There are 2 protein chains.
Amino acid sequence: METLRERKKQRTRDALLRVAVELFTTRGYEQTTVDDIAAAVDVSQRTFFRYFAGKEDAALALDGLTVARFIEAVRERPPHEAPMEAMRQAVLEGWDSINGIVESVVPVEQFLRMYRVIESTPVLLAAHLRRSAEVEETIARVLAEREGLDVDADPRPRVAVAVFGGVMRMTERRWSTGADFSLDAMRALTVSHLDQAGSALTENWRTH
Amino acid sequence: METLRERKKQRTRDALLRVAVELFTTRGYEQTTVDDIAAAVDVSQRTFFRYFAGKEDAALALDGLTVARFIEAVRERPPHEAPMEAMRQAVLEGWDSINGIVESVVPVEQFLRMYRVIESTPVLLAAHLRRSAEVEETIARVLAEREGLDVDADPRPRVAVAVFGGVMRMTERRWSTGADFSLDAMRALTVSHLDQAGSALTENWRTH
DNA sequence: AAGCTAATGACAGCCACTGACAGTTGACAA
DNA sequence: TTGTCAACTGTCAGTGGCTGTCATTAGCTT
């Protein structure tokens, strides 16, 4: 962030992202055109596409910050932890540190609102899920390395991540459609659902 | 399928689907335009969009048949089975009956090729994953009803489906990128991965 | 055969996105 | 300071997915 040029670029990107999120969360994703965003920042449409790979990319940029943080957190977990526990702690850490990560661009409330937009907009949800799949692949490799396994020969890391990821996406869904849309609620749901994963595999739920 | 009109409509739809799959699997999804498909069937582009909600819809239509079959299979599973077991059996049944379901439109080989296209085309994979999420919601409701639970009050059905779905999507991924692209391989992977889900939750993989 | 209705084709138009090229503006050395 | 280079931007033209509209065609009904 040394030169004036770099600062200018950063400002343009931030402005585009801020405006995009603002419009997406108020007017709605589909009701916002790229031209709208570009016009509001007073740049050409072409410039928007130089900063973001597409409209989707801008909509998922904030979430991307937290994803990157999550991956880092898994990498930094103490090696003695079991894989599931490492992922669980990393995710909880991630939610704790959201504030510091996102706040430099938009207030956390905006981030949360954007999350709802993603979950309620089909095309965004689809893109989000695809990226989650990529993240799962990354995490599987991290875990395999931690445990000294070959990720392609031993399916266990991928299975573990798949189970974890499945529960997490379901948690996101429930959270974003539920009444309590706070970070505390997210933490509570995460812990609760992960704790139930074990019994879900084996138990019969009927009382008799 | 009584009137001539209905038969004609069916034939047009089948022709569009066949041509679409043919082009997608040979030329590639992105390299095929809707105009190409419409031209090959000798209808207007507008007509294509009257039969399919979009290009994606045509690409996922075959998979949609198997999904519908899977949901039915879960519904028909004997009530005494535990939820996980019911889903597992339903999925295996589904693969067994693919032939009879798909063959009336395209040969099974085409179906399998289309599967690879979906997994290797980002936008299609995204759409596929989103639809899988919808399927999971449906299955969660089916299971809840089976077990006499309120799906909104008791998260266990959704947790179980999330775990199952996570493993299944990971299985699809591994299958479609692996060497053995046969139905037998799919069955083997499915069983193997599901069997490992339990230990993935608790175990530590290191040998010491 | 005549009238109704569903299906289609033929436009026109919006929007996301891309390539190409020219103009502008910081960076950096002479 | 100035001149040169490289990076950044705007403009324009074009492609492709998708939609609304309306006139035309073709099957159904009586």
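The shown structure was predicted, so the numbers you read here are calculated from the model rather than taken from an experiment. Per chain, numbering begins at 1; letters A, B, ... match sequence-line order.
Each ring pair (Phe, Tyr, Trp, His ring centres under 6.0 Å) pair with one or both residues in residues 131-156 of chain A, not counting sequence neighbours, would appear here, but there are none. For residues 14-43 of chain A, the set of pairs meeting the ring pair (Phe, Tyr, Trp, His ring centres under 6.0 Å) definition, not counting sequence neighbours, comprises A/Phe24-A/Tyr29. Listed by first and then second residue, the salt bridge (Lys or Arg N to Asp or Glu O under 4.0 Å) pairs involving residues 166-192 of chain A are A/Asp96-A/Arg187, A/Glu136-A/Arg169, A/Arg173-B/Glu136, A/Asp184-A/Arg187 (not counting sequence neighbours). Applying the side-chain hydrogen bond (donor to acceptor under 3.5 Å, both in side chains) rule to pairs touching residues 100-109 of chain B yields nothing, sequence neighbours excluded. Residue pairs meeting the ring pair (Phe, Tyr, Trp, His ring centres under 6.0 Å) criterion with at least one member in residues 150-175 of chain B, sequence neighbours excluded: B/Trp95-B/Trp175, B/Tyr115-B/Trp175, B/Trp175-B/Phe181.
Atom CD of B/Glu134 sits in a crowded spot, with more than 12 heavy atoms from other residues, nucleotides or ligands closer than 6.0 Å.
A donor atom on one side chain and an acceptor atom on the other are not found under 3.5 Å apart for A/Glu93 and A/Ser97. In summary, the side chains of B/Arg7 and B/Gln10 do not present any donor paired with an acceptor at a separation below 3.5 Å, with no hydrogens or angles considered. If you check the side chains of B/Thr33 and B/Asp36, you find a donor sitting under 3.5 Å from an acceptor. A side-chain N or O of A/Glu85 and one of A/Gln89 form a donor-acceptor pair less than 3.5 Å apart.
With respect to A/Glu145 and A/Arg141, no salt bridge is recorded, no charged nitrogen being found less than 4.0 Å from a carboxylate O. Under 4.0 Å is where a charged nitrogen must lie from a carboxylate oxygen, and between A/Lys9 and A/Glu6 no such pair does.
Of the residues in residues 16-33 of chain B, those placing a heavy atom less than 4.0 Å from an atom of DNA chain D are B/Thr32, B/Thr33, in numerical order. Using a 4.0 Å cutoff on non-hydrogen atoms, no part of residues 118-129 of chain B comes near DNA chain D.
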When you compare the protein's N or O atoms with those of nucleotides 6-10 of chain C, which come within less than 3.5 Å of each other, and at what distance?
residue, atom, partner, partner atom, Å
C/dA6, O4', B/Arg5, NH2, 3.3
C/dA7, OP1, B/Lys9, NZ, 2.9
C/dT8, OP1, B/Tyr51, OH, 2.9
C/dT8, OP2, B/Tyr51, OH, 3.0
C/dG9, OP2, B/Ser44, N, 2.9
C/dG9, OP2, B/Ser44, OG, 2.9
C/dG9, OP2, B/Thr47, OG1, 2.3
C/dG9, N7, B/Arg50, NH1, 3.3
C/dG9, O6, B/Arg50, NH2, 2.7

List every contact pair, protein side and nucleotides 28-30 of chain C side both N or O, where the distance is under 3.5 Å.
none

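Between A/Asp57 atom CG and C/dA16 atom C1' the separation is 14 Å, expressed in whole Å. Distance CZ (A/Arg7) to P (C/dG26): 11 Å, rounded to an integer number of Å. Separating the CG atom of A/Asp35 from the C1' atom of C/dC14 is a distance of 10 Å, rounded to the nearest angstrom. Summarising the geometry, the separation between CD1 on A/Ile37 and P on C/dC15 is reported as 13 Å, rounded to the nearest angstrom.
For A/Ser120, there are no side chain to side chain donor-acceptor pair (under 3.5 Å) partners two or more places apart in sequence or in a different chain. Under the rule for a ring pair (Phe, Tyr, Trp, His ring centres under 6.0 Å), A/Tyr51 has no partner lying at least two apart in sequence or in another chain.
Here chain A contacts DNA chain D (any atom closer than 4.0 Å to a heavy atom, that is under 4.0 Å), and the contacts span D/dA6 to D/dT11 from 5' to 3'.
Counting only distance, with no hydrogens or angles, the side chain of A/Arg131 and the backbone of A/Leu60 share a donor-acceptor pair below 3.5 Å.
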